[in-house]
2 protein chains.
Amino acid sequence: MPIMRTKDENKKEALFRATIKLVNEIGFASSSVSKIAKEANVSPSTLYVFFDNKEDLLVSTYVEIKTQLAHALLENFDDTLPIRDIIRNGWYSVFNYVSEHPDEAAYMEQFSNSPYSELVDKAVVEREFVPFGNVMVKGIEQKIIKDVDISILAAFIFNPLFRLANPRLCAELEMNEEKLEQAFGMAWDAIKL
Amino acid sequence: MPIMRTKDENKKEALFRATIKLVNEIGFASSSVSKIAKEANVSPSTLYVFFDNKEDLLVSTYVEIKTQLAHALLENFDDTLPIRDIIRNGWYSVFNYVSEHPDEAAYMEQFSNSPYSELVDKAVVEREFVPFGNVMVKGIEQKIIKDVDISILAAFIFNPLFRLANPRLCAELEMNEEKLEQAFGMAWDAIKL
DNA sequence: GGCATAATAAAACGTTCATTCGTTTATGTC
DNA sequence: GACATAAACGAATGAACGTTTTATTATGCC
């Protein structure tokens, strides 16, 4: 019979949000545990109830975001559609996620370009994206998509997208529906046979 | 009549290299001034002879790399070639630079995705890439390239390239001549009309 | 060779860091 | 409502931080 006070998951959520905000504003180097805790209205020591240490906080924040992104990608996933439509849906889903969550996207980019990324269990993260990868394999088999490594295909589909949707990298550029369809057209032209 | 001891520019060079190495290995957060100085075999205070502060060191390192990259890009620049060949030469020049200088490339990516990037005078950096941008404008005018913002074009040409040439992001994938020509073909398909 | 000067270094500065400690507070069960 | 428990906290920890101060070394010119 466990008698215990329950953890307040709002605090974990607040710590995630504080981490994302601070790391985007002042970077990994200046984002101290005490600043993050203060931003989340939590005591520094309380942070250690939810995370083993600072590193664990940063890595967990990344995995949390990446999982959200995977769910967004697979939300409208429909295996029965033509391959181009499946990929188009996925592309738009990711674009929408990145547009609606610019802070999460910026954190993701900053994190994955830093040495912290080596601490992530990649198998766990990539597992979420398998269905989408399978579609590309199917597209190759059906001679619809160029016969190239999946990671090359993914690079052409998603890398420009992240740049375009990221205000830090493309501040001057605001996307509208026309530009968006153009951009997907370019991504598709790159990978289609 | 100036009587003075000359600065040892080798030390500035060593500090650049130490910064790149350490930031890639342990990130901005852990790369302290004293560690960088030790890696460069220099006293911490000597660092301040060459740079105003840590921030200046990090930004200067980035600008130095970006300038090197621009020179690599423009080295084989030949205005008289067909547009596709000009862009192909530039693409290969950048790929070669990134392949031969993976540490510099990784630093560049990590830096430009961090808040430090806001400290860079973008006009100074972008000026170096103007000739290449002009080629793309010419390509649009001649109806060879899609009529899209230059930053969208650049995103499709260079973003996948950085990912493919970066061992941190594509560890499992080794590029050979065939894959390379495939990859450029994809980039060109994306932007060509 | 000696002097002026800046490059260089070692040590010290106050501050902030990540983490832990000791205590208090809130909650689920009886 | 009282008890047991873990959540939550503020304060304290020593280490490391970026930078400055102070002292020494090496160099170019007379």
Side-chain angles (χ1 to χ4, degrees), chain A residues 1-62 107 110-111 114-116 118-119, chain B residues 1-62 107 110-111 114-116 118-119:
Chain A
M1 54 186 84
I3 301 177
M4 48 177 283
R5 190 174 158 192
T6 50
K7 263 196 253 190
D8 184 354
E9 289 296 323
N10 290 337
K11 295 205 166 140
K12 190 169 187 178
E13 184 67 30
L15 283 165
F16 279 141
R17 271 186 282 114
T19 302
I20 292 166
K21 180 171 184 231
L22 274 179
V23 168
N24 281 332
E25 282 174 3
I26 60 178
F28 284 119
S30 303
S31 296
S32 67
V33 169
S34 58
K35 283 180 194 162
I36 292 172
K38 182 172 282 183
E39 174 73 32
N41 286 315
V42 151
S43 164
S45 53
T46 300
L47 190 148
Y48 289 85
V49 173
F50 297 91
F51 305 98
D52 294 342
N53 48 43
K54 186 186 180 181
E55 200 174 275
D56 181 37
L57 167 66
L58 298 176
V59 173
S60 300
T61 302
Y62 173 76
Y107 183 91
Q110 193 171 173
F111 184 95
S114 81
Y116 288 123
E118 282 153 30
L119 302 170
Chain B
M1 54 186 85
I3 300 177
M4 49 177 282
R5 192 174 156 194
T6 51
K7 257 196 261 191
D8 185 353
E9 288 295 323
N10 290 339
K11 294 204 166 145
K12 189 169 188 177
E13 185 67 29
L15 283 166
F16 278 141
R17 271 186 282 114
T19 302
I20 292 166
K21 181 171 184 234
L22 275 180
V23 168
N24 281 334
E25 283 174 1
I26 60 178
F28 284 119
S30 304
S31 295
S32 67
V33 169
S34 56
K35 284 180 193 161
I36 292 171
K38 182 173 280 182
E39 174 73 31
N41 287 316
V42 149
S43 164
S45 55
T46 301
L47 190 148
Y48 288 86
V49 173
F50 297 92
F51 303 99
D52 293 342
N53 47 46
K54 186 187 180 182
E55 198 174 275
D56 182 36
L57 167 67
L58 298 176
V59 173
S60 300
T61 302
Y62 173 75
Y107 182 91
Q110 192 171 174
F111 183 95
S114 81
Y116 288 124
E118 281 154 29
L119 302 170

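Lettering of chains follows the sequences in order, A, B, ..., and the numbering in each one begins at 1.
- Contact annotation: A/S34 does not reach the phosphate of C/dT16 (side-chain N/O to OP1 or OP2, under 4.0 Å).
- For the pair B/K12 NZ and C/dA7 P, the computed distance is 12 Å after rounding to whole Å.
- Between B/T46 and C/dA7 there is no side-chain polar atom (N or O) within less than 4.0 angstrom of OP1 or OP2.
- Shown here are the side chain to side chain donor-acceptor pair (under 3.5 Å) partners of B/D56, two or more places apart in sequence or in another chain: B/S60.
- Among pairs with a residue in residues 30-62 of chain A, those fulfilling ring-ring contact (aromatic ring centres under 6.0 Å, His included) read A/F16-A/F51, A/Y62-A/F111, at least two apart in sequence or across chains.
- A/I26 approaches A/S31 most closely through the heavy-atom pair CG1-OG, 3.5 Å.
- Between B/F51 atom CZ and D/dT19 atom P the separation is 13 Å, expressed in whole Å.
- The OH atom of B/Y48 sits 17 Å away from the P atom of C/dA7 (whole-angstrom rounding).
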Any protein N or O atoms within reach of nucleotides 10-14 of chain C? Criterion: under 3.5 Å, listing atom names and distances.
| from | atom 1 | to | atom 2 | distance (Å) |
| --- | --- | --- | --- | --- |
| C/dA10 | N6 | B/S45 | OG | 3.0 |

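- A/T46 meets the side chain to side chain donor-acceptor pair (under 3.5 Å) test with no other residue; sequence neighbours excluded.
- Residue pairs meeting the salt bridge (Lys or Arg N to Asp or Glu O under 4.0 Å) criterion with at least one member in residues 26-38 of chain B, sequence neighbours excluded, do not occur.
- Between B/K11 and C/dT8, a side-chain N or O to OP1/OP2 separation shorter than 4.0 Å is present.
- When all heavy atoms of A/Y107 and A/N24 are compared, the pair lying nearest together is N-OD1, 3.3 Å.
- Protein atom CG of B/L47 is 11 Å distant from nucleotide atom P of C/dA9, rounded to whole Å.
- When the side-chain nitrogen and oxygen atoms of A/K35 are compared with OP1 and OP2 of C/dC17, one or more of them lie within a distance under 4.0 Å.
- Across the protein-nucleic acid pair, A/K54 atom NZ and D/dA16 atom P stand 15 Å apart, rounded to whole Å.
- Listed by chain and residue number, B/E39 satisfy the salt bridge (Lys or Arg N to Asp or Glu O under 4.0 Å) test with B/K21 (two or more places apart in sequence, or in another chain).
- Here the nucleotide nearest the side chain of B/S32, chosen from D/dC9, D/dG18, C/dT8, is D/dG18.
- Residue A/E9 contributes atom CD, which lies 15 Å from atom C1' of C/dT27 at whole-angstrom precision.
- One atom, CG of B/N41, and another, P of C/dA7, lie 20 Å apart when rounded to the nearest Å.
- If you measure from atom CZ of B/F28 to atom P of D/dG18, you get 13 Å, rounded to the nearest angstrom.
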